[in-house]
Amino acid sequence: MNLRLAVNPRRPALRRRNRALLLFFTALSLQLLLFDRDASAQQSEASDDGEDVVRVNTDLAVVPFFVTDQRGRRVGGMKLDDFSVFDNGSRVEPSYFAAGAERVALLFLLDASGSARDIITQQRETALAVFSHFGPRSRVAVMQFRERPELTVAFTRDLRAARAGFQIAALPNRRTAVFDAALAAVRAFRGEAPRPEERRIVVLLSDGLDNASETRAAAVVEEARAAGVSFYVIHVPLFEPREGRLAARPPSKGFRDLAEKTGGQFFVVGDARTSLDPHAEYDMRPIFHAIADDLLGQYVIGYSASVAARQPGPHRVEVRVAIPDKRKLRVRQLRDGYESRGDK
């Protein structure tokens with residue numbers, strides 16, 4: 001923008017006024033330019049769904065973890081300065097830290113076989129209520145499985161849509177592939193844009209009996225840990241006569257590992273008495289409250305891997321407690337490292 005004002009040197013008062021006008025219009029022009037630049041920047045920072053986007057480096061290495069005391073109890077209230085981070089033994093400077101679970105991607109993985117179908121339908125509202133504990137940017141999805149998994153509700157913030165995913169059709173009993181479905185649940189997160197601050201959770205409700213999977217539990221655990229996905233398993237056991245009494249059928253080998261080796265928890269619902277009562281009602285509220293409390297007690301720490309990642313191959317990341325008077329606390333990481341291809 002070019003501004004020109006005529007200046008008459010023989011009229012001092014007019015000259016002073018013209019100089020003031022020139023300064024005013026120059027300042028106004030600069031403000032307009034800055035406004036246009038800021039508006040463009042703000043527009044580029046908005047995502048398609050209208051929410052603010054947290055811009056982070058694409059080389060951010062992120063490690064979710066929790067801290068326990070000597071009795072195994074979760075420890076909250078810790079800060080970034082309480083921790084040190086090491087990449088392949090070399091100390092790195094953290095650039096990201098979050099406590100709690102302000103952003104969660106929660107996938108319900110539901111056993112649609114006849115044994116668990118009725119219980120899942122009863123617990124729909126209780127299960128979805130856990131979602132209210134997390135921040136407004138959290139998402140929920142629903143996947144059902146029998147012999148094959150089916151993503152019935154893709155990730156959404158709409159609880160009404162998620163509620164429909166708990167409707168399970170009454171079909172004849174078929175074979176059940178728990179571990180194939182668990183692997184599909186982990187891979188359901190692949191299509192989502194990476195969000196370093198987001199916690200990825202699968203809540204699996206099942207009787208734990210797998211008679212159709214081609215996938216082994218160890219493969220699910222390995223891929224889940226690499227993707228930062230934790231399983232919270234709710235076991236609804238089946239009971240059978242054994243030596244004159246009812247006894248729970250043990251789940252398939254590795255079923256419990258899905259929770260215990262990915263940083264989640266394992267719960268059991270029901271007993272021999274309730275298994276005989278077709279009208280038994282299950283109260284899973286304590287379980288879902290425990291899941292919410294567990295997530296709220298976790299931490300996420302991250303650092304730029306641009307320098308460390310120049311060395312190709314696997315990188316082991318270790319988070320340690322740095323405060324001397326807190327050295328008795330134990331850090332349990334939900335992800336141990338990452339794979340680097342080195343500089344191109």
Side-chain angles (χ1 to χ4, degrees), residues 63-68 71-74 101 104-113 115-116 119-120 123 126-127 130-131 133-134 140-145 149 176-189 198-210 213 215-238 248-271 282 284-300 330-336:
V63 181
F65 64 97
F66 57 87
V67 180
T68 58
R71 297 183 179 180
R73 298 173 298 189
R74 297 291 177 95
V104 173
L106 174 62
L107 187 150
F108 287 100
L109 182 57
L110 310 178
D111 189 338
S113 64
S115 59
I119 296 175
I120 289 172
Q123 299 300 319
T126 303
V130 72
F131 189 68
H133 289 265
F134 310 126
V140 62
V142 183
M143 179 179 289
Q144 298 180 11
F145 68 94
T176 307
V178 177
F179 300 128
D180 285 353
L183 185 62
V186 173
R187 292 177 176 176
F189 294 92
E198 183 176 74
R199 291 291 295 114
R200 296 177 167 187
I201 305 299
V202 175
V203 175
L204 169 58
L205 286 86
S206 174
D207 59 20
L209 300 179
D210 190 316
S213 283
T215 306
R216 301 183 65 181
V220 180
V221 170
E222 181 180 2
E223 193 156 329
R225 289 181 62 85
V229 177
S230 296
F231 277 82
Y232 288 81
V233 177
I234 302 176
H235 182 205
V236 185
L238 295 178
R249 295 180 61 180
S252 297
K253 183 179 179 180
F255 182 66
R256 195 181 187 104
D257 290 345
L258 294 178
E260 296 180 346
K261 294 185 178 181
T262 63
Q265 292 192 43
F266 187 88
F267 305 92
V268 179
V269 174
D271 52 26
Y282 298 85
M284 292 191 185
R285 286 176 297 179
I287 291 177
F288 289 110
H289 280 300
I291 292 173
D293 290 343
D294 191 66
L295 291 172
L296 294 171
Q298 294 182 8
Y299 304 93
V300 180
R330 179 188 177 192
V331 174
R332 181 174 177 184
Q333 297 177 204
L334 306 181
R335 186 182 301 160
D336 293 327

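These values consider heavy atoms only, across backbone and side chains, with no hydrogens, waters or symmetry-generated copies. As the structure is a computational prediction, the values presented were derived from the model and not from experiment.
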L209 and P250 have their tightest heavy-atom pair at CD2-O, 3.4 Å

For A185 and M143, the nearest pair of non-hydrogen atoms, with its separation, is N-SD, 3.9 Å

For S213 and D180 the tightest heavy-atom approach is OG-N, 3.0 Å

Using the ring of each side chain (for Trp, its six-membered ring), is H235 parallel, tilted or perpendicular to F266, with breaks at 30° and 60°?
-> tilted

On a heavy-atom basis, the closest approach of G264 and S230 is N-CB, 4.3 Å

Value for CG (D257) from CZ (F179), rounded to nearest 0.5 Å, stands at 8.0 Å

Contacts satisfying side-chain hydrogen bond (donor to acceptor under 3.5 Å, both in side chains) that involve residues 259-270 (not counting sequence neighbours) are R256-E260, Q265-D294

Q | Verdict with supporting geometry, V63 and V300, side-chain contact (heavy atoms from CB on, under 4.5 Å) | A | CA-CA 6 Å; V63 181; V300 180; over 6 Å; no

pair F145-L204: side-chain heavy atoms closer than 4.5 Å: yes

Check whether any side-chain heavy atom of L107 sits under 4.5 Å from a side-chain heavy atom of V142, and report yes or no. no

Can you establish whether the number of heavy atoms outside R74 located under 6.0 Å from its atom CZ is more than 12? yes

d(F65 CZ, Q298 CD) to nearest 0.5 Å is 10.0 Å

Rounded to the nearest 0.5 Å, the CD1 atom of I234 sits from the CG atom of D111 at a distance of 12.5 Å

Shortest non-hydrogen pair, A224 vs F231, comes out as CB-CE1, 4.1 Å

R73 meets the salt bridge (charged side-chain N to carboxylate O under 4.0 Å, His left out) criterion, sequence neighbours left out, with D69

From the list L109, L258, V178, side-chain contact (heavy atoms from CB on, under 4.5 Å) with S206 holds only for V178

Separation between CZ (F189) and CZ (R200), nearest 0.5 Å, reads 6.5 Å

Would you say that F255 contacts V233 through its side chain, given a criterion of any heavy-atom pair below 4.5 Å between the two side chains? yes

ask   = Looking at side-chain heavy atoms only, is the closest gap between I287 and V269 below 4.5 Å?
value = yes

Between the CG atom in D207 and the OG atom in S252, the distance rounded to the nearest 0.5 Å is 8.5 Å

In short, F66 meets G263 closest at the heavy-atom pair CE2-O, 4.0 Å

By salt bridge (charged side-chain N to carboxylate O under 4.0 Å, His left out), R249 pairs with (sequence neighbours left out) E240

Distance col, row I291:CD1 vs M284:CE, nearest 0.5 angstrom, shows 10.0 Å

Q. Can you tell if the side chain of V130 reaches within under 4.5 Å of the side chain of F108, non-hydrogen atoms only?
A. yes

